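Working notes, structure below.
Keep in mind the model is a prediction, meaning the values are calculated, not measured.
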Amino acid sequence: MMNQGIESICVLGGTGFLGQHLVPALAQRGFRVRVLTRHRERHRDLLVLPGVSLIQANVHSDAELRAELHQCNAVMNLVGRHAARTESGEDLQALHVELPRRVAEICRTEGIPRLLHLSALNASPEAPSRYLRGKGEGEAALRSAAGQEGPAVAVTIFRPAPIFGPEDELFNRFARLLARIPVALPLACPQAKLAPVWVNDVVQALLKALENRATFGNAYDLCGPSTYRLIELVRYTAQVTGRRRYILPLNDSLSRFHARVLQRLPGRPFTWDEYLYLQLPGTCRENGLQALAIKPSSIDAVVPRYLGVGGGNRLYSSLRCTAGRD
Ligand SMILES: NC(=O)c1ccc[n+]([C@@H]2O[C@H](COP(=O)([O-])OP(=O)(O)OC[C@H]3O[C@@H](n4cnc5c(N)ncnc54)[C@H](OP(=O)(O)O)[C@@H]3O)[C@@H](O)[C@H]2O)c1
């Protein structure tokens, strides 16, 4: 397929969960895709895709980043780390704030006209969680750098709710926890509201926005079609994976205690920053998928296919009952 205007796209963070779905979709549409990675050898599977190059690069070096972005006429920045998954000593400020600013600055000064950026639902410089605060500061830094004098950079920002799909860190994480805990799983923040969005819907949003002028300058919150309590999602995972467990809902003080303790354990099963993240409703006031004419897919249509032992449809009525549809 011929693409008007944009031919070559640099994808930062294209080896991650979302990138593994996005990069093949870009390649299929005929774009030349340059995926920047710290670990080229680990992601050689992407090289089978037509038009995809995998480039070993340190995105924290201005010279390296500039040399790579210079070769593209659009950039997608997917780099990010959830606070629960940060390695010790990793600098989230450099990743979530400085990198978006530097990418926008390079786009502006190199005349790269298009920049798509992945933030997160509820991102705000005032957010209580460090993850959401960093993402919010990153959005502001990116917009300010893109808006300085010089050739215009058309920026579009996406703020997804937790994303689900094969190899997600949502249902797969619950499934791992349920597999490890034999009888009862204590659950912090059981009443937190979430509207998970399917990874392919997020990919469609990025593809639709790429060359659509109506999206320039906009930010889109992206949510699934229904809102659930966290405890419903964990119970659902238990049912889909066939693991009979008692889910023990913790009250707020116990949830706080749980976060403080579990973040010290190997693998950090739950962190204080996640506790803070779950204090904000993970739902969209306006779902950007609707604005982009994408019909969001439900959990029940997808999750049993990659997680389950069957019976997904049977569970649907129990899933949708309490938190309702948006
Ligand atoms: N997954 C979700 O549920 C979700 C929800 C809302 C928002 N988001 C946002 O959407 C974006 C994509 O999410 P994702 O789940 O695909 O992320 P991911 O799987 O964690 O991967 C993102 C990529 O970031 C790169 N990266 C990580 N740490 C880095 C570091 N210190 N320096 C340079 N690069 C680094 C990695 O690339 P290399 O290892 O190849 O260098 C990795 O492949 C992120 O910005 C995330 O915050 C995700």
Side-chain angles (χ1 to χ4, degrees), residues 16-18 79-96 119-124 126-136 160-197 227-283 299 303 306-307 319 322-323:
F17 164 55
L18 176 57
V79 169
R81 288 297 275 190
H82 199 284
R85 285 184 282 130
T86 47
E87 290 142 22
S88 65
E90 197 164 40
D91 185 353
L92 284 187
Q93 178 79 10
L95 220 53
H96 290 164
S119 182
L121 188 67
N122 289 325
S124 154
E126 280 84 46
S129 117
R130 188 170 162 240
Y131 169 73
L132 292 177
R133 208 162 48 242
K135 285 290 198 182
I163 305 173
F164 67 92
E167 302 184 3
D168 63 30
E169 270 298 314
L170 185 68
F171 291 102
N172 283 296
R173 191 165 170 218
F174 298 149
R176 285 196 300 270
L177 275 175
L178 290 161
R180 229 180 284 154
I181 304 222
V183 183
L185 175 71
L187 183 69
C189 310
Q191 300 305 324
K193 283 185 173 181
L194 299 168
V197 59
T227 302
Y228 307 102
R229 306 276 176 194
L230 183 64
I231 193 164
E232 293 175 306
L233 295 177
V234 178
R235 283 193 185 128
Y236 177 68
T237 310
Q239 285 176 292
V240 171
T241 55
R243 297 196 186 276
R244 287 170 165 260
R245 302 286 185 272
Y246 179 68
I247 316 294
L248 182 69
L250 301 180
N251 64 21
D252 189 54
S253 354
L254 284 173
S255 296
R256 287 163 168 265
F257 178 71
H258 198 66
R260 297 280 192 208
V261 173
L262 264 62
Q263 70 175 356
R264 291 168 197 276
L265 299 182
R268 310 180 82 203
F270 187 63
T271 67
W272 180 245
D273 209 59
E274 285 178 281
Y275 168 83
L276 295 174
Y277 173 93
L278 290 169
Q279 299 312 300
L280 297 176
T283 55
I299 282 169
V303 174
Y306 65 87
L307 204 63
L319 232 193
T322 60

How far apart are the C-alpha atoms of Gln279 and Cys189, what are their side-chain angles, what is the distance that settles it, and do they pass the side-chain contact (heavy atoms from CB on, under 4.5 Å) test? CA-CA 8 Å; Gln279 299 312 300; Cys189 310; 3.8 Å; yes

Audit row: Thr237, Leu170, side-chain contact (heavy atoms from CB on, under 4.5 Å) steps and yes/no: CA-CA 10 Å; Thr237 310; Leu170 185 68; over 6 Å; no

task: For the pair Phe174 and Tyr236, evaluate side-chain contact (heavy atoms from CB on, under 4.5 Å) and give the outcome as yes or no after the intermediate values.
output: CA-CA 10 Å; Phe174 298 149; Tyr236 177 68; over 6 Å; no

Practice item. Please test Ile299 against Tyr228 for side-chain contact (heavy atoms from CB on, under 4.5 Å), starting from the C-alpha separation and ending with a verdict. Key: CA-CA 10 Å; Ile299 282 169; Tyr228 307 102; 3.1 Å; yes

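Listed by chain and number, the residues in a side chain to side chain donor-acceptor pair (under 3.5 Å) with Ser119 are Glu139 (sequence neighbours excluded). The salt bridge (Lys or Arg N to Asp or Glu O under 4.0 Å) check on Arg256 picks up Asp252, with sequence neighbours excluded.
Atom-to-atom distance recorded for Leu307:CG and Phe164:CZ is 11.5 Å, nearest 0.5 angstrom. One finds the OG1 atom of Thr283 at 7.0 Å from the CG atom of Leu121 (value rounded to the nearest 0.5 Å). Between atom CG of residue Leu278 and atom CZ of residue Phe270 there is a gap of 5.5 Å, rounded to the nearest 0.5 Å. Atoms CG and CZ, from Leu92 and Arg133 in turn, are 10.5 Å apart once rounded to the nearest 0.5 Å. Between the CD atom in Glu232 and the CD atom in Gln191 there is a gap of 8.0 Å [rounded to 0.5 Å]. Rounded to the nearest 0.5 angstrom, Arg180 CZ and Leu185 CG are separated by 10.5 Å.
Scanning all heavy atoms of the two residues, the minimum distance from Pro166 to Phe17 falls at O-CE1, 3.1 Å. For the residue pair Lys135 and Ala123, the shortest heavy atom distance occurs at CB-CB, 3.7 Å. Minimum heavy-atom separation, Leu276 to Pro128: CD1-O, 3.5 Å. Heavy-atom minimum distance, Ser255 versus Ala188: OG-CA, 3.4 Å. Between Leu178 and Arg245, the closest heavy-atom pair is O-NE, 3.0 Å. Minimum interatomic distance between Leu132 and Ala127 (heavy atoms only, all atoms of both residues): CB-CB, 3.6 Å.
A donor-acceptor pair shorter than 3.5 Å can be found between the side chains of Asp168 and Tyr306.
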Please tabulate, one pair per line, all N/O donor-acceptor pairs under 3.5 Å involving side-chain atoms of residues 257-266, not counting sequence neighbours.
unit_1 : atom_1 : unit_2 : atom_2 : d
Gln263 : OE1    : Trp272 : N      : 3.1
Arg264 : NE     : Arg260 : O      : 3.4

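Contact check for Tyr131 versus His96: side-chain heavy atoms found under the 4.5 Å cut-off. Looking only at side-chain heavy atoms (C-beta outward), Pro249 and Leu187 stay at 4.5 Å or farther from each other.
Judged purely by atom type and a 3.5 angstrom limit, Asn122 uses its side chain to pair as donor or acceptor with the backbone of Pro281.
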